[in-house]
4 protein chains.
Amino acid sequence: MTDDVKPAPARPRRLPRDVRERQILDAAVQVFSRHGYHAASMDEISDVAGVSKPMIYAYLGAKEDLFAKCVSREAARLLEAVRMGLHADLPPDMQLWHGLRGFYQFVAAHRDGWTVLHRQALTVGGQFAGEVNDLRARAIEMVSTLVVTTGTKKGLGDVAEFSGPALAVSLVGAAESLADWWLDHPDVSDSVLASWLMNLVWLGFNDLVEGEVWRPQ
Amino acid sequence: MTDDVKPAPARPRRLPRDVRERQILDAAVQVFSRHGYHAASMDEISDVAGVSKPMIYAYLGAKEDLFAKCVSREAARLLEAVRMGLHADLPPDMQLWHGLRGFYQFVAAHRDGWTVLHRQALTVGGQFAGEVNDLRARAIEMVSTLVVTTGTKKGLGDVAEFSGPALAVSLVGAAESLADWWLDHPDVSDSVLASWLMNLVWLGFNDLVEGEVWRPQ
Amino acid sequence: MTDDVKPAPARPRRLPRDVRERQILDAAVQVFSRHGYHAASMDEISDVAGVSKPMIYAYLGAKEDLFAKCVSREAARLLEAVRMGLHADLPPDMQLWHGLRGFYQFVAAHRDGWTVLHRQALTVGGQFAGEVNDLRARAIEMVSTLVVTTGTKKGLGDVAEFSGPALAVSLVGAAESLADWWLDHPDVSDSVLASWLMNLVWLGFNDLVEGEVWRPQ
Amino acid sequence: MTDDVKPAPARPRRLPRDVRERQILDAAVQVFSRHGYHAASMDEISDVAGVSKPMIYAYLGAKEDLFAKCVSREAARLLEAVRMGLHADLPPDMQLWHGLRGFYQFVAAHRDGWTVLHRQALTVGGQFAGEVNDLRARAIEMVSTLVVTTGTKKGLGDVAEFSGPALAVSLVGAAESLADWWLDHPDVSDSVLASWLMNLVWLGFNDLVEGEVWRPQ
DNA sequence: TATGAATGAGCATTCATTCAT
DNA sequence: AATGAATGAATGCTCATTCAT
């Protein structure tokens, strides 16, 4: 019985569960990122994942669950990336600067994940927007805390011309917007991006014109 | 007992074409805003518009065309609102301030339109994102021009710590972000919003802490 | 009151009924011929006719009626064209020959009508096929009569090798087939076509090979 | 009381793909034959096939593809049936006779297929008519070759009174017409039909009247 | 563990037909 | 005599989801 021809095990079958789950999640993030929640089809996801549809249902549940899990995973990654830059023993501006760098590093490393969080999750009603909005709210609050403590220490109030929370919202929006812009201008480093934002927020246009500049550390 | 019950002409049938078109567009913007392009159904749009589906197809074409027309109309409105604030004979900061007020007035008057432009149009591949991105690009360029001319007049270059276009991108992002925040905090006037942004951008956090403030005029 | 500018009466409105009916029928034949009964749309017919849809319904009834009237008109025309060639006082072969010429003259003059009769009417179930089949049956019977009387006069029976009706059916089919072929080879005259068929039927391939030929008169 | 009622496996579910495909094609040919391409509905086809609509789309594609596949299958069958009768080593008349018999055997065995090819495929614009016309053209050319070679061997030219190709066209038309007639007169055998045509074409009406007859072999 | 086979339900789109003017 | 305005009813097609193996 010499016939030991094997059917080419190129793509190994019978993988352990967590490996399969990661494959599927990766594929799902990719497809959701490209088409959005509604236009993405389970068929395409299963194709990209190299797995049959029933497996997706068995491991990760229905489409909604799958999307939720994508959002959660990417949100956790983003949060982790930002957290790594925040050391409580640094001065507020340095915390902000490192946080921004962490954020841009996440965006660079997980474009699809970023798209899912920033573009797709918000357009689907209900819980998904909820999760992302929570994330956003946390980011805003972190910034707000940094900013407001600094401000109040020096006597800054919440007057018509200024609002701490509004500043935080603006900063987060500016950071996001710059992240999108970055996707089309990849030859800028994440620390340069963070510097621009710091200068904008900390010094403002006027001081920049005057020649003042903020620099890390 | 003259029973003067009239056949209730409540909703007049047989309206002229342009009136119907407006009705349909209004309904479409509303529905697209709520559910996004893919999840929106022509059935719901026709219900909301109080018109049968064939009319939609007869007057405004297929779903894609309909969405495109929504986007175009709202984009035109937004552009108009911003333009009304820009008078070439004003100093740059005042132009910016009035432009921002126009923007927030549009957002307040057309929440659904704003959602369609900001959230929904960008998630659908192709031409729609294209149109909105063009709009955004124009806004960014307008801001960029204002900012850069001011800057260069005073000798500001494009250095590592600062970039004119990036500043514009950030400002637009901040303005958008603040617009979203505003939807949940409607008790702030559009001029206050604009003032906050002006102070952030023109003076920066540092100057604000020092007690300096930008005020219109 | 000098303002006698008139709105250019290019296409005269307010035409008498029978003129409108002809316009509509002509358009209908054309459209049915191009697309077939089911794929033809009342919209296109009304466009081609230069008349609004309600007029079609008012003058000629629903789509089915309209198609029926097209079929009837063209069938009558065809019948008339063939009849003009049949003079009872001519010998059978000459009757056949003139009938064939009439048939081809109709086809040449009314391509669309011929298509409707030959191609479209037969694919729609029910009455339409009925009318055309009647027409066909009449043609076949006419031919059959010619042929059979000639045959029986000379003692020809209905044997296994031959059947009068079947011959007629074949001849009609051959004539139709040649009509279709003619549409792509328009540089042949109708009398040549008729001659070919006469030679085929009357003499047969074998005699032709032997050099015998049938000629009119 | 052993109650051996079984769950009735009457119609087995879960069939392999190729079996289902055949079922669907059979149903489609039947339905297209009855109503024509446009009037046939995918719903009815799926009903007749005993299969849900999505299976049709999954296995055979959209309506157009489905129709194309029906046409192709039946065309291939017809071609095969005719080819089986043509042996290059037979004399021309015998080849023709056997080819005709093959043709009529196909018509008898696949009435619906024949209708689809002869009636329905030609009324739908585009590729379908194309395929059937190709088939027809091949048949005509085959006949033409048989006839013309015989003719030229004996000195027959292409004169006004006769044309080889036109004869072929006529013969094919006659054969088709006779096939239709046969559907209403099923008590005639295919060899009798073929004989009639042979006598018509080979000998012609005149010789038949004179008592001459063509017989196979 | 893994999948081919199968479907209910929904959606975009079109069409014949009529009403009000 | 003539039409713009309007719709009920279908039809082609797709998708998320499950079953049987």
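We name chains A, B, ... by the order of the sequence lines, and we start the count at 1 in each one.
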Original post:
When you measure from the side chain of B:Val51, which nucleotide among F:dT7, F:dT17, E:dT13 comes out closest?
Top reply: F:dT7
Starting at atom [atom1] of [X], determine the distance to atom [atom2] of [N], rounded to an integer number of angstrom.
X: D:Glu44; N: F:dA10; atom1: CD; atom2: P; result: 14 Å
X: C:Gln23; N: F:dA1; atom1: CD; atom2: P; result: 15 Å
X: D:Leu66; N: F:dT11; atom1: CG; atom2: P; result: 16 Å
X: B:Glu64; N: E:dC11; atom1: CD; atom2: C1'; result: 15 Å

Is there a side-chain contact between [X] and [Y] in this structure, where contact means two heavy atoms from C-beta onward sitting under 4.5 Å apart?
X: B:Arg34; Y: B:Glu44; answer: yes
X: B:Gln127; Y: B:Glu64; answer: yes
X: C:Asn133; Y: C:Leu122; answer: yes
X: B:Leu66; Y: B:Met42; answer: yes
X: A:Asp112; Y: A:Val31; answer: no

**OP:** Applying salt bridge (charged side-chain N to carboxylate O under 4.0 Å, His left out), name anything that partners D:Asp43, two or more places apart in sequence or on another chain.
**Re:** D:Lys53
**OP:** Could you pull out all residues at least two apart from B:Asp65 that satisfy salt bridge (charged side-chain N to carboxylate O under 4.0 Å, His left out)?
**Re:**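 With neighbours one apart ignored, the set is empty.
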**OP:** Tell me, yes or no, whether the heavy-atom count around C:Arg111 atom CZ, taken from other residues, nucleotides or ligands under 6.0 Å, exceeds 12.
**Re:**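 No - once you tally the heavy atoms of other residues, nucleotides and ligands closer than 6.0 Å, there are 12 at most.
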**OP:** Under 3.5 Å for both distances, Watson-Crick or G-U wobble, that's the pair rule; now give the dot-bracket for DNA chain F, with | marking pairs to another strand and [ ] for crossing ones.
**Re:** .||||||||||||||||||||
Subject >> Contact under 4.0 Å: D:Arg20 side-chain N or O vs E:dA6 OP1/OP2 >> reply: yes
**OP:** Strictly below 4.0 Å, heavy-atom distances to any atom of DNA chain F: list the hits from residues 30-42 of chain D, or just say none.
**Re:**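 Residues of residues 30-42 of chain D under 4.0 Å from DNA chain F: D:Ala40, D:Ser41, D:Met42.
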Subject >> Within residues 54-62 of chain A: residues closer than 4.0 Å to DNA chain F (heavy atoms) >> reply: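 Within residues 54-62 of chain A, the residues near DNA chain F are A:Pro54, A:Tyr57, A:Ala62.
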Original post:
About how many Å separate OG1 of A:Thr115 and CD of A:Glu74, when rounded to the nearest 0.5 Å?
Top reply: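 Reported value, rounded in 0.5 Å steps: 10.0 Å.
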**OP:** Nearest-nucleotide wise, let me know which of D:Asp43 and B:Pro16 is further upstream toward the 5' end of DNA chain F.
**Re:** B:Pro16
Original post:
Contact class for B:Arg17 vs. all strands (heavy atom < 4.0 Å): base, sugar-phosphate, or nothing?
Top reply: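 Contact class for B:Arg17: sugar-phosphate only.
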Original post:
Can you name the side-chain hydrogen bond (donor to acceptor under 3.5 Å, both in side chains) partners of B:Glu131, sequence neighbours left out?
Top reply: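 So B:Glu131 forms a side-chain hydrogen bond (donor to acceptor under 3.5 Å, both in side chains) with B:Ser72.
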Original post:
Taking atom types as they are modelled, is there a donor-acceptor pair under 3.5 Å from the base of F:dT3 to the side chain of C:Lys53?
Top reply: no
Original post:
Should the ring pair A:Tyr37 and A:Phe128 be called parallel, tilted or perpendicular, given that the plane angle runs from 0 to 90° and is split at 30 and 60?
Top reply: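 The rings of A:Tyr37 and A:Phe128 sit tilted, inter-plane angle from 30° to 60°.
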